[in-house]
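To keep things clear, I will list the structure first and then write my remarks on it.
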Amino acid sequence: MLQQTQVSTVIPYFNNFIKNFPTLNDMAHAPLDKIMAMWTGLGYYSRARNLHRCVQEIVKQGGAVPKTQEALKALPGIGEYTSAAILSIGYNQPYVPIDGNVERITARLFAVQEPLPSSKPALAMLAKTLNNHEEALVRPGDFAQGLFDIGATICKPKNPLCLICPLSDVCKAHQEKIADLLPKKQKKAEKPTKFGVSLFIQNSQGQLLFRKRPEKGVLAGTMELPSTIWSEQFPSLEQAIIETDCKGEYKKLGDIKHVFTHFTLKIRLYALVGHPDFITQDQKNIWLDLKELHHYPCSTLMRKMIAYSVKT
DNA sequence: AAAGCGTGGCA
DNA sequence: TTGCCAAGCTT
């Protein structure tokens, strides 16, 4: 959960997961659908599948979380960082988990001028030397937590609080008064904007028409309103009706904007006038009361669209 | 190996 | 408003 996600965001999700799945065994035997539904709003939905597969694999192997980095990294969703975090915090082994905080601290401590991400290997080499002190090696977990907390609260990306930093004595960037300029970043490509049309379709019982997105790609496996693919410009309503196979008379509701990591999305919303007579009950068409939507995985984008449609 | 993959908070 | 960034992993 914490991968690329702030602690304050994770806490309520974490508590809910622990309540529903007190043991690895509980989660391993839960349906993926339930885990996906509980992940609603947290983003990066492949993490939910990986977590489920990971727990199932551990239970299959006997139920003990592996104690070697090699075995941990072989599990779905666990890479260099997470394996090191488990080993240091969970098993008190002398690993240094290298996240964005540790990279930033390291870049400043050693005044690394090379920009991210190409400096990652060099920063990793340097970061792995940070625990070469007796106190650090006695309590590897506390040492790792300490690095995270310094990064999050003192050695911040902007306006680092060097005046109260316990590392300022040994920080090369601070000595050179360039802490706030590091780490340097390579320029990112400009975000493209994509456009789509989505349809708000309610039946006579007040249920909404949903479909399930493909298991790969953006928002994989989450529920969505019938939608066109997202392309270079707004598709016409006619195109949307053909593409979604939802014939009928529609009225325009308005446009919604949503920002993803690597593109911006603009969605034009239409609502069906009256009730549909064209939708057959089949595999891809799913009618849901809004009250039962929480049993299904649903992106924040889709919740935004639904809220907008209901209000309009 | 570079790109794909969410969302929310904050300057 | 916009851009940055967060306890990264996968392909």
Considering non-hydrogen atoms only, spot the tightest contact between [X] and [Y] and give its length.
{"X": "Tyr308(A)", "Y": "Gly254(A)", "value": "OH-CA, 3.4 Å"}
{"X": "Glu243(A)", "Y": "Ile229(A)", "value": "OE2-N, 2.7 Å"}
{"X": "Gln202(A)", "Y": "Trp287(A)", "value": "C-CZ3, 4.1 Å"}

Check step by step if side chain to side chain donor-acceptor pair (under 3.5 Å) holds for Thr82(A) and Gln3(A). CA-CA 8 Å; Thr82(A) 306; Gln3(A) 291 165 358; 3.0 Å; yes
Could you state the [atom1]-[atom2] distance from [X] to [N], rounded to the nearest angstrom?
{"X": "Ile11(A)", "N": "dG8(B)", "atom1": "CD1", "atom2": "P", "value": "16 Å"}
{"X": "Glu215(A)", "N": "dC5(B)", "atom1": "CD", "atom2": "P", "value": "14 Å"}
{"X": "Met1(A)", "N": "dG8(B)", "atom1": "CE", "atom2": "C1'", "value": "16 Å"}
{"X": "Lys257(A)", "N": "dG3(C)", "atom1": "NZ", "atom2": "P", "value": "8 Å"}
{"X": "Glu190(A)", "N": "dC4(C)", "atom1": "CD", "atom2": "C1'", "value": "15 Å"}
{"X": "Tyr45(A)", "N": "dG4(B)", "atom1": "OH", "atom2": "C1'", "value": "16 Å"}
{"X": "His258(A)", "N": "dG3(C)", "atom1": "NE2", "atom2": "P", "value": "16 Å"}

[X], [atom1] atom: more than 12 neighbouring heavy atoms under 6.0 Å:
{"X": "Lys60(A)", "atom1": "NZ", "value": "no"}
{"X": "Arg303(A)", "atom1": "CZ", "value": "yes"}
{"X": "Tyr91(A)", "atom1": "OH", "value": "yes"}

Within the 4.0 Å limit for protein heavy atoms, which parts of nucleotides 6-11 of chain C are touched? Write it as a string from 5' to 3', B for base, S for sugar-phosphate only, - for none. BBBSS-
Heavy atoms within less than 4.0 Å of DNA chain B: which residues of residues 291-312 of chain A have one? Give them sorted by number.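 Contacts with DNA chain B under 4.0 Å: Ser299(A), Thr300(A), Leu301(A).
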How would you label the contact of Leu219(A) with the nucleic acid (heavy atoms, under 4.0 Å): base, sugar-phosphate, or nothing?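 Answer is sugar-phosphate: Leu219(A) comes under 4.0 Å of backbone atoms only.
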With heavy atoms under 4.0 Å as the rule, sort Val259(A) into base, sugar-phosphate or nothing.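 Result for Val259(A) = base.
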For the residue pair Arg211(A) and Thr244(A), confirm or rule out a side-chain donor-acceptor distance under 3.5 Å.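 Not at all, the side chains of Arg211(A) and Thr244(A) share no donor-acceptor pair under 3.5 Å.
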Identify all side-chain donor-acceptor contacts of residues 166-175 of chain A below 3.5 Å with residues at least two apart in sequence or on another chain.
{"from": "Ser168(A)", "atom 1": "OG", "to": "Cys165(A)", "atom 2": "O", "distance (Å)": "3.1"}
{"from": "Gln175(A)", "atom 1": "NE2", "to": "Asp169(A)", "atom 2": "O", "distance (Å)": "3.0"}

Determine the Euclidean distance between corresponding [atom1] atoms of [M] and [N]; express it in Å to zero decimal places.
{"N": "dC9(C)", "M": "dG8(B)", "atom1": "P", "answer": "22 Å"}
{"N": "dA7(C)", "M": "dA3(B)", "atom1": "P", "answer": "24 Å"}
{"N": "dA1(B)", "M": "dT11(C)", "atom1": "C1'", "answer": "10 Å"}

Any His262(A) side-chain N or O less than 4.0 Å from OP1/OP2 of dA3(B):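 For His262(A), the contact criterion (side-chain N or O under 4.0 Å from OP1 or OP2 of dA3(B)) is not met.
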